[in-house]
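Residue numbers start from 1 in every chain, and the chains themselves are labelled A, B, ... in the order their sequence lines are given, proteins ahead of strands.
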Amino acid sequence: MLRSLIKTLLMAPLLMAVLLKAPAQQSPQIKGTVLDGQGDPVEGVSVIARRGTKEVGSAVTGKDGIFMFSKLQSAAAYDLHFSHVNYGVYVERGVVVKNGLTTLLIRLTAKENNLSEVVVQVGYGSARKHDLTGSVTSVPTGNLVNLPATRIDQMLQGRAAGVYVKSTNGAPGSPTTIRIRGTRSISATNEPIYVIDGIVDPSGAVLSSLNPDDIEGIDVLKDASTTAIYGSRASNGVVLITTKKGKAGKDVVHFSTNQGMSQLARTLDMMNAREFAGFENEARASSLNNFAPPLYTNIDSTVKTLGGDKGNNWIDDVTRNAPFSSYDMSISGGEGGDHGYSYYLSGNYLNQQGIILNTSFQRYQGRLNFSKKISSKADFGVTLNVTHSNTSAASINFGSNLNWLSSYVFLPPTMPVYKPDGSYATFNPTWYLGGGNIDNPVAILNKETNVTPANNTLGNFYIQYELLPGLKLKSTLGVNFINSRNNWYVPSDMPTKILNNQMTGSTSSYQSNTSSLINENTISYAKTIGAHHLDFLVGESFQTRKTDALSGSGSGITNDITQWNNLGLIDQALRTIGSSYDENTIISYLGRVNYDYQKRYYLTFTGRRDGASNFAPDKKWGFFPSGAAKWRVSNESFFKDSKLSNVLSELSARVSYGLSGNQGIGDYGSLPSLANTTSTSYLFGTGQTQVLGYTQGNIANNNLTWETTAQLDAGLDFELFKGRLNLTADYYRMNSKNLLVTVQIPSQTGYGSRLVNLGKSLTDGFDIALNGNVIRSRDFKWNVIVNVSTNKQKVTDIGPLTKVLLDPGIGYGVTSSYMEKGVPLGANYGLVYAGVWKSQADITNELAQPSGKRTYVSASNQYLPGHPKYIDPNHDGVLNVNDYHYLAPANPTVYGGFGSTLTYKRLTFDFFFQFNAGNKMYNGMEFFAGTGTYLTNQYKYVLNHWSPSNPNSNVPAVESRDNIASTRLLHDASLLRLKSAMLSYNLTGLLPKKVFKEAEIFVSGSNLFLFTKYNGFDPEVNSGGQSSTIVAVDNGNYPNSRTFTFGINFSL
Amino acid sequence: MKIKIIGLLSLLMGGIFMTGCQKDLEENPKSFIAPDDFFANVSQCTQAVNGAYSSLYSIYGAVNFWQVTDLGTDLIVTADANNLLFNNYTFNSGNTGASGMWSTLYGAIKNANLVINRVSKADIDTAMRARLVGETKFLRGLYYFNLTNIFGDVPLWTDELDAATVGQLKRSPQADVRAQVIKDLTDAAAALPLKYGATDIGRATQGAALALLAKVYLYNKDWANAQAAALRVVQGGQYSLLPNYADVFDIQDRYKNNAESIFEVQFRRDAATNTNVKTHAMVTYYMMGIDPNNKTYAGVDFGNTTITGFYVMCPTLKLDSLFEPNDQRKNVVLGYGYNGQTFNRWPRPNHPWFGPKFWDLQATGQVSGKDLYVLRYVDVLLMLAEAYNEQGNTGGSIQYLNMVRERAGLADLAAGPSQDDLRNEVMKERGIEFVGEFQRKWDLVRWGKLQEAVQSIAYDNPTGAANIKPYMNLFPISATDIVINPNLTQNPGY
C-alpha cells in the first residue's frame, strides 16, 4: 500500500509534465495515463474510444502508459474501452470532453493474479493456464534467445518436464529425437507432431528452417485431453510453436548477432602410434591369425618417421575449431482499433561451420507475420516463413563397424595423412593381413562434395468472422513447399583413382519436392450464463501432402567441372535415373467442449474423427475421444477463507483420460506391389545387357490400421507465496495397443518381416516442474527452474512372438536389442561378462562339466586363455540366441534439467543443466576398437589386456573380437551436462536513448561441460537417427561440439 | 463488407466439405504396380521372369553361399576369423551359419512361385508362355535343390504366397522336395529350347534343365535316370569341352557363355570404361594380399590390377597332391607365380596360392565381373562316368573320364580298373575340376565321405577335423526361425 502510494507520487511529476506540455485550445483531446495496481505505467493497453456503438478512434499506450485521442467533438460523451491481456477489459463511461485537453488517470487491476494469466496454446485456441484441464508444458523462449542454437528443438533440451530431447548427432543442422513421456510405438514413429502457427504436422526438415529468434513460445501438449484434438497423430504428443507477432504501438526494430566458435567437446582415448605398433605385432602373432609375422619390425624407426610416439591422430586430423555466426533483424509494430493491424517482419542469416572439415549449415530466412482487422468483427492474417538453407555434409565413415577399414576412428595411428611427397597416403596396413588402399578421411573431406541446398516455404493464411457475439467462424489455409536437392561428387583425382589409374569422376543427385496443403474450418462459441461458462469448438480439417523425387547418378565423368550440373554429359551406359511419387491425405472432424462453473469446476470433452489414406481400405477411420475434469480448490470459498490461502495462492487438481492415435508409417503399406529390380537386373545376351525385371514387393495387409494409445493423466498445480513458486506435478499412464510393428515373419515365406498391428505397450511416470522467483527485488532477481521426469515402459504383449530382434546395425552378427514381453522398448540385451579365461586349466575344468551344469560360456572359437567368457544363463555350454537376455533400458528412467537466472542490476547470469539417468548404451565402435582385433586402432585400455605376462587382467587378450554384446561393452549413459550458460550486461539507458530503446551485450556457450562415464564422444547420440526403437547405440556419428559465442542485441 | 466476408468464409468452408470426402482417402499409387495390374502381355511376363533370374545374384554372389559350399571340405581351408565357423565346424543353431542362404533361397522361391502361377494363367502366346514358365521352373528347381542340399528337409510350397499359411508350414522330407525339383526340371526340359538367339543368351536352356535333372537323380542315386538325362544333354549336341582348360576361366568376353558352359550366372564389369555393371567379390576370397606400400602381390607384379585380396580361401596340401604330373589344370587351379615371376611368400608354409582360375586381373578393388558357373559340360561327362560306373558299366564310365583327362593333357586311364578305382577317379576328377565351384561339399556329403575327407586334412585343419560329426552333413535350422515358426524342427545333432 505504502509502496503504491510512493509510486503514484513518483508518477505525479510525469503527469504534470504531460499536462504542461499540452497544446493550448485546440479541438477537444483526451490524454491519459494507464497505471497498474502498483502505480507503474502499463504499456500496450489497447484503448478504443466509442460514441454510442460507433468507434471513433483507437490508441495504444506507450512505454510511459500514456495514450491520446484528438479531434474529438466538443461536449460529446465518449466511452473508453481499455483492454490488455493481463488486465482484462475496463470501460470508462461517459467521458465528456470540452475544447482543450481532458486528462485521465486510469488504474487497471490485474486479473486475479498476474501469473495466472499466462496464456497457453492448446490447439485450435488458447487457454489461460489456470483454466487448463489438461497437461501442457510451456517453454517461454525469452531467456533462450542469446544461446547459439540452430534449431528450436535444441533449445527444448531439459527445459520441459516430460519431454526428452536427444541429439542424434553433432552435424550442423541435424535433427534431434524427441520423446514425450517415453516411447510407446515400435515400428511407427515415436516423434511428436509439430504444429507451427496452426499448421499441423508440416513436412520434415521444418525445424531447421525456423529461426529460433522468431519463436514466441513453445507449448507441449502431453495428455490425452489436450492431444486428442489432434487425434490421429497425437499419441506421441504435440509441440505447438507460436511465432512472434507485432504489438500495437510504436514500430520496434530489433537487431542481434551471435559470433563464436565450436570445437570438439570430447575426444576418444585411443592408442598412439607406438602403443598401436606394439599391439599390432602382438595381435598378428595370435593363433587366431595363424601366427602372422609382425607388421612393424622396427617400432622405433616406424615411430620416428611419423614424428614421434603420438603418430597420426585421425580424430585431430578431421576436426577443427569452426566459426559460428548468426545475424537477426526484425521490425514489428501495429495499430489497435477496429481497423488495426499488427506486423512482424524478420530476417536471419546463420552460418554454422561444422567441427568436421568442410561441413557446414547455412540458413537464409525471412518471416512475415501480419494480421489486420477489417471491422470489429472480422480479421485476417498470415504467417509466412521462407527459408533457403545449404547443408554441406561429410562423406566419411564416422566409426560404423561395417566400414571399419576407412573410419577416422579406426585407422591406425601409424598411417599418415600424407606421403612424404605431399600426396595423400592411401595404404592402410591393417586392412587384413595384406593391407589395402583407401581414400583416407582427410582426402575425402577435402575432395568430395556433398551439398544439399533446400528451400522451405511455410505459410498460413486465415480469415475470421464473429457472426454473433461469441460465435466465431474461422477458415485457415496452410501451405508447406519444400524442395531440396542433394548433390554428391567424387572427383577424378581421388587418391585411389590416381593409384588405379582410373581417373574419372562420379556423381549422384537427388531432387525432392514436397507440397502440403492444409485447410481447416472451425466454428467456436463462448457463452457465459451466470456462473456457467461454456466454450464450444467444432471443425474439420483436410490435409494432403504430395512428395515427388527425381534422382540421377553417373560415373566415368572425364571432367571435374560439370559435376552434377549436366548429367547429360555422362556416358549413357554409366547413367542411372530414378523417380518416385507419394501422396497422403488425412480428413478430420473435430470438436471440443469446455465448461466451467465459477472457475471452480472444469470439464473438457474432446473428440476427433480421422481418416488416413495410408491404412487398409476398410480400416482408414479412427475416433479419438477424451475427457478431462479439474477442480480448482483455491477458488472455493472455504479455501479462500482458510489460512492456507496465505501461502498457497493457487491449487488445482486435474484428471484426464482419452485416446489418441498414431499413423506414422509410410504410404501404401497395405497395398501389394511388384518391385522392380533396377539394382539387380539380370544380364542377358551376348553383350550382357541389363534387362528390367520385377519381383514381388510388398504383400497386401488388409488389416493395417491405427495404433491407439489410451492415456490417463492426473495432475496437481500449486502456486505458493503469491506466485513466487509454481509447481506442477503429473502422473501419467499410457496403454498403447494395435502397435504398428514390423514383425519378423518366418523367412520360409521369402520375407523377413512385415508391418502389422500387433501387441501392446505400457508407459507410466511422473513429470514435475518447479519454477521459483526466489528473489524479485528491483536490483536483484533470482529465478530457479527445475524439472524432473520419470518414465517406465514395457512391452505387455507381442502376440504369438516371444523375442523379436531389433537390429541396431552394429553388424557382424552383433545382436544387442530385442523386443520381449515385460521388457522396455529398445532395450539393451546381451550377456553378463565374466572376465577372461585365466588359463587353459580354467577352460578344461569348465568344459569337463556336463551340459546343464556349465557356469560360463564363450563363442566357440574363444575357448582360449585370455579370451572373454560370459555367464551362461541356461548352463548348456552353448552360446546362442537363447542366452541373450535383458540387461538395461535404452531410454532414461529419470531425466530433466535445472537452471537459474540471476540478475543484479544490469548484469544477468543464466545457466542451465540437463541430466538423464538410468539408461545404458552400447558403444558400437568398441566391438572393433575394444576387442584387440589387429584390423583397427584400439582404445587405450586394451594395452592392459590379458597376456601370459599380465595374467590377472580381465581386459580380453588380443584378437578377442567375438561379436557378442555383453556388459563389458554396455556403458552407463547417464549424464549431467552444463547445457548452456550466458552472461549478459544490459546497456539500456547507457546509450543514446533516442536511438536505442534497449541494448544488451552477452557471452554465451552451449554444451560446456559433460559429466558422464561413457567412453564414446557423447552418450547423446543415436545411430538409429530418429528410429523408433533404436535409441541407444553409438555406431560412430558426427561428434557433438561445444560452442562459445559473444553477441549484441538491441532494439531501436 | 459483412456479406462479402461471410460469402468468402462459406465458400472456403463449403468448398472443403464437398471435396473432403471419403474418396480422397483411397490410395492410387502411381510409382509402383500391383500384381493384379501386371502379367497382361509377353513383355510384362518376360520382365517378371527376368526378376526370378535376379535372385541368382543374391545366391551365387553371396559370401554365405561360398562358405556353405566350399569351406569345411578337404580342398579349401581358411584362417580368416569371419569364416572360421564353417572351417572349424563350430556353427550351431544360434550363430548365423547358413541362415542367410535359408532366407535368400526362400526369397528366390517366393518370386519364382509368383511368376509361375501368374504367367501360367496369362493370356499370351502359348509357346512363349510355355518357355517362360519353363525358365522359371528351372530356376525354382535350382533354388530348391540348393536349399535341400544345405538343410535336408525343408518347407515346400509352390503356390503364390499366403504368408499366414506358408509361415506355419512344417518341413517336407528331402525326398519330396527332390521329387518336386525333378517335376519342375522335367517340365522345364520339355518346354525350353536347345538354345537362344543372341539377345537371350544366358537364359535357361533345355540342356541346363536336363543337366540339373541328371544331377538331382545322381544325388538320389537314381543312376539310370541320371544317365538318361545326362545322355540327352550329350545328344542335344550343343556343348563341347574347350580344348584349353585355362580358357574356361579366362575373363575375356569371348569366353563368356562358351561351348562348355551349360548355365552360368552372368556378371559384368567393363574394364575399358571402368564400369561395374553387375559384379561380385569372390576374387577377394581367393587372391593373395597386396604387399605393404607396394603394388605387387607376394612379390609379383600383376601389371595394372588393383585387386584387394584377402586370401580367405587357401588350398590344402591334399588338393595340391591330387594332380598327376603334367596335369594342365594344376597351374590354372593353383598359383605359383605369374608371367615368369615366382611368388615370394605363401598363404602358409609349403602351400601354393589359389591360381588363375580364381583371379580376375580386370577386377578393381573388390569388384569382379567374372561369370560364375552353375553347370559345365564337363560336369555332365563326369556325371555320366559316375552313373555308368555305379551301374557296373566301367567301360562306359572310362569313356567319359578319358574325355575329361584328355582335355587336361593326361593319358587315358589304363584298361581294367575296378568299380572302386573308378569311383575314386571320379571323386578325384570332380575335386580337381570343380574346386571353388560350389560342389565339393555336396559331393562329399552324397558320397558319405565328408567326415572322412575333413579328417584326412587334419594337418591343414586340425580344429575342423576334431569337431566334425556325421550330423554336420546338414546345416542347422536357425534358432530364430524355429522361434518364429514353432512347427519347424531342428536337424538332428544341433
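For the pair A:Ser747 and B:Tyr106, the minimum side-chain heavy-atom distance is 4.5 Å or more. Counting only heavy atoms from C-beta outward, the side chains of B:Val277 and A:Gln688 never approach each other to under 4.5 Å. Residues A:Gln748 and B:Leu488 have side chains in contact (heavy-atom distance under 4.5 Å, counting atoms from C-beta outward). Side chains of B:Ile33 and A:Ser673 form no contact here, defined as non-hydrogen atoms less than 4.5 Å apart. For the pair B:Leu161/A:Thr749, a side-chain contact is recorded, criterion being any heavy-atom separation below 4.5 Å from C-beta on. Residues B:Ser54 and A:Thr695 meet the side-chain proximity criterion, which asks for heavy atoms closer than 4.5 Å. Here the side chains of A:Tyr432 and B:Val312 are not in contact, with every heavy-atom distance at 4.5 Å or above. Looking at B:Asn485 and A:Ile745, their side chains never come closer than 4.5 Å, going by heavy atoms from C-beta outward.
Of the residues considered (A:Phe380, A:Tyr694, A:Tyr682), A:Tyr682 shows the highest number of contacts with chain B, using heavy-atom pairs under 4.5 Å.
If you measure heavy-atom distances from A:Asn428 to chain B, you find no contacts under 4.5 Å at all. Of the atoms belonging to A:Ser555, not a single heavy atom falls under 4.5 Å from chain B. The parts of A:Asp667 that come within reach of chain B are both its backbone and its side chain, each placing non-hydrogen atoms under 4.5 angstrom from that chain. Looking at A:Leu683, the atoms closer than 4.5 Å to chain B (heavy atoms on both sides) sit in the backbone and in the side chain alike.
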Quick one: do B:Leu25 and A:Ile586 satisfy side chain to side chain contact (heavy atoms under 4.5 Å, CB included)? Show the steps, please. CA-CA 7 Å; B:Leu25 296 179; A:Ile586 296 177; 5.8 Å; no
Run the numbers on B:Phe32 and A:Leu674 for side chain to side chain contact (heavy atoms under 4.5 Å, CB included), then give the verdict. CA-CA 7 Å; B:Phe32 62 86; A:Leu674 289 176; over 6 Å; no
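Ring geometry, B:Tyr53 versus A:Phe684: the interplanar angle exceeds 60°, so the pair is classed perpendicular (tilted spans 30 to 60°).
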